[in-house]
Chemist: 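Pasting a structure here, questions to come.
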Amino acid sequence: MSESDSGDDTGQTAESAERTRDPYALGDHDGERGPDDRAVFWADAVADEIEAREPTEPVVIKGAISPSGVPHLGNVNEIMRGYFVAESLRERGYEVQQVFTTDDRDPLRKLPRKLADLDGNIVDLGAVNAGALGQNLGRPYTDVPDPFGCCDSYGEHFSNLIADCAELLGVDIEIVSTTELYEDGSFEELTRYVLDNQDRARDVLGEYQDKVDADYVPFNPICGECGKVTETVTAVDTDAGTVEYRCTDMEAGDQVIDGCGHEGTATLREGKLPWRFEWPAGWDVLGVDFEPFGKDHAEGSWPSGVDIAENVFEIDPPVPMVYEWFTLDGEPFSSSEGHVVMVHDVLELLEPAVVRYFFSKDPSKARDFSIERLDQLVDDFDRTERLYFGEESGTDREEALGERAYPPSIRPTVADRFDDEFGEGAWRSVANDRTARETVDGLLEERYADRIRIPYTFAAVLGMFDDPELRTDVARKEGHLADDTPEWAVETAMERVDLASEWARRTDNEFNYELKRATLPETDFDEATEAALDELADFVAEGHDGETIQGEIYETAKRHGVPISDFFSAGYRLLFDETQGPQLGPFVAKLDREFVVERFRRNR
């Protein structure tokens, strides 16, 4: 339980001081161009580059992930960055296809410490069938049994989680299994081409990788005996479409995965290209026009991919975009250490539109996803929304950014809210339908403009009420809802209460208390305390802001000779039936005045 004000706090808490700088401020959505250019929004700048290449339709936007651990919020970067670029292109009339490859023919190299079930619950390795993983090191993810026992393989389990993340955010992606691309022959022609041009492949790769000698063969067969991926090819026959191999040991970080020593023959569909070849091969097979990737790939992997694409496969690489990594509450995401948060979890704290909006931020800047400061992210989203609807003024730059960043953030929500117009699946099913898009944008301007947003921290206050029916009444009394507010808008507004309440509980912040509004707690105050409470009630009834009330609490206690800690405790007892709580003055200022006055007078 939070103890931000135990009775002797004389000013701003350390937590509130930390919040004075908003890490989610609107003004950092920009790309590299100035505010007078069309591409004030980074996604438009990328769309300009793609459009300049005169792409054929559908324009293909790609993301990728290796199924090595828990698919966390940072991994969703490529889905969401691609989504905003896709929306910019769709607004220009292009049909866009978002594909997301899971590199599931990669071998399982080590045991993850944390896994996630299909509901997004993160569990320790000991909570599942760890043997399903431990006995299959070195085998492709799609040949590793699912430790949860719910999918055909660990690779499929992971792919389903990624698909769920996109679906929860209303983004239409096509999951592409790399294993399936090998098995259905999609990679076979390029694999044969690489093996027919091994000298050139070695020369190019040797510029980026030390372990490339005259015996290096750019193909990793799967052992027909033990099922492990091996790197030792002893002969190649591209006319027959086969390689001879010996199953040797594989280095996996600081450990070695033993090979079985088997010697055999594999077809070009029974193995995989090394990743540095597989990445550009995917560009050609899938017809990729744009791919974002993390900064870890910018210095080595991307240059080698471009070199291999141009000088081995003789194809053009897609338009690239490097994004900075996220941190989680100031620390790097770590699937192995369990320092992660999944989309499933975040959506218990935030509306999907706010999560999408987070990804509208400038990808070239490092960013912290702070659970403790989610109120600032929500406040920034709400302000951007007001700027978009002309309910608040900002700088020219802010208004231009709001005009570009807000619509793609909110469209899936609008489609979901008025899904009677579209049917099940809403935005994911109509994103490329121009008529449906026009309908959604019309609903956004004509109906969704009537939406109501309750400030996140006030929603957390409402979440303290032990009587849910009082929440809407208090929101009306405080002017957040009007008598003529449409019912759907009331529902939308009140949905934030449970989210903010969960945020207060998770972070154990100043709002993590249960307000005893329905019944008056039992108390036994002395005459001086009762007189001081009556006087404070009269002061609150006059209508003052939180800081003014906070100062008056001290002065009232002094005038009546009540120890200040005892006076604060009296207020907490009346409100929470506890002896401590949040800063009392600012807190009571957020409640409806009539209730506070009557409670301090001990009437109800």
Side-chain angles (χ1 to χ4, degrees), residues 22-31 33-47 80-81 83-92 169-171 350-363 374-418 421 426-427 430-431 436-456 459 480-482 485-486 488-493 495-496 499:
D22 184 352
Y24 298 115
L26 172 66
D28 62 1
H29 296 77
D30 52 306
R33 307 186 182 194
D36 294 331
D37 291 337
R38 176 184 182 185
V40 66
F41 183 38
W42 63 267
D44 291 337
V46 175
M80 296 311 301
R81 299 304 187 182
Y83 166 75
F84 279 96
V85 174
E87 281 296 280
S88 180
L89 289 166
R90 287 167 178 148
E91 289 170 1
R92 305 178 190 196
L169 292 174
V171 178
L350 298 172
E351 295 102 332
V354 178
V355 181
R356 288 189 291 267
Y357 174 75
F358 176 73
F359 287 97
S360 76
K361 303 288 185 174
D362 183 359
L374 287 185
D375 56 321
Q376 295 183 3
L377 172 59
V378 178
D379 288 347
D380 185 40
F381 169 81
D382 289 352
R383 180 168 183 263
T384 301
E385 191 171 58
R386 293 193 299 272
L387 289 171
Y388 178 82
F389 286 112
E391 299 162 353
E392 181 178 324
S393 297
T395 66
D396 290 345
R397 182 182 189 77
E398 288 174 334
E399 292 181 1
L401 287 170
E403 185 70 24
R404 298 300 304 128
Y406 177 73
S409 299
I410 203 66
R411 282 189 186 111
T413 295
V414 175
D416 284 338
R417 174 58 63 184
F418 307 114
E421 299 275 351
W427 189 245
V430 301
R437 291 181 66 85
E438 291 175 359
T439 300
V440 170
D441 285 343
L443 290 167
L444 171 61
E445 301 295 335
E446 297 165 12
R447 293 186 64 184
Y448 205 76
D450 292 333
R451 91 278 167 243
I452 298 293
R453 297 293 184 193
I454 296 177
Y456 196 66
H480 294 289
L481 300 175
T485 300
W488 71 263
V490 174
E491 292 176 3
T492 298
E495 285 169 359
R496 182 172 283 182
L499 300 172

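Fair warning: this is a prediction, and the values are worked out from it, not measured in the lab. When reading the values below, keep in mind they use all heavy atoms of this one structure, side chains included, and skip hydrogens, waters and symmetry mates.
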Chemist: Under a 3.5 Å cutoff, is there a donor and acceptor pairing between the side chains of D380 and Y357?
Modeler: yes
Chemist: Assess whether a salt bridge exists between R386 and E391, defined as any Lys/Arg side-chain N lying under 4.0 Å from an Asp/Glu carboxylate O.
Modeler: no
Chemist: With a 4.5 Å heavy-atom cut-off, do V490 and I452 have their side chains touching?
Modeler: no
Chemist: For residues Y456 and V354, determine if any side-chain heavy atom of one lies less than 4.5 Å from a side-chain heavy atom of the other.
Modeler: no
Chemist: Answer yes or no: is there a side-chain heavy-atom contact under 4.5 Å between L377 and F381?
Modeler: no
Chemist: Would you check if P455 and H480 make a side-chain contact, meaning some heavy-atom pair closer than 4.5 Å?
Modeler: yes
Chemist: May I ask you to test the L499-L350 pair for a side-chain heavy-atom distance under 4.5 Å?
Modeler: no
Chemist: Between the side chains of S360 and R404, is a donor N or O closer than 3.5 angstrom to an acceptor N or O?
Modeler: no
Chemist: Does the Y83 side chain pair with the main chain of P408, one donor and one acceptor, at a distance under 3.5 Å?
Modeler: yes
Chemist: So do the side chains of R411 and D441 get within less than 4.5 Å of each other, counting heavy atoms only?
Modeler: yes
Chemist: Can you check whether F84 reaches V46 side chain to side chain, under 4.5 Å on heavy atoms?
Modeler: no
Chemist: What I want to find out is whether R453 reaches D379 closely enough, with some N-O distance under 4.0 Å, to be called a salt bridge.
Modeler: no
Chemist: Are V440 and R437 packed together at the side-chain level, in the sense that at least one heavy-atom pair is separated by less than 4.5 angstrom?
Modeler: no
Chemist: Strictly under 6.0 Å, is that where the ring centroids of Y448 and W488 end up?
Modeler: yes
Chemist: State, to 0.1 Å, how close Y388 and G402 come at their nearest heavy-atom pair, and which atoms those are.
Modeler: CD1-O, 3.9 Å
Chemist: So that I can tick it off, tell me whether E399 and R383 are bridged by a salt bridge, with the cut-off set at under 4.0 angstrom between side-chain N and carboxylate O.
Modeler: no
Chemist: Do E385 and Y406 pair up side chain to side chain, a donor and an acceptor below 3.5 Å, judged on atom types alone?
Modeler: yes
Chemist: Using 4.0 Å as the upper bound for N to carboxylate O, is an ion pair formed by R356 and E351?
Modeler: no
Chemist: Quick one: does any side-chain atom of S409 pair with a main-chain N or O of A405 as donor and acceptor, under 3.5 Å?
Modeler: yes
Chemist: Answer yes or no: is there an ion pair linking E491 with R451, defined by an N-O contact shorter than 4.0 Å?
Modeler: no
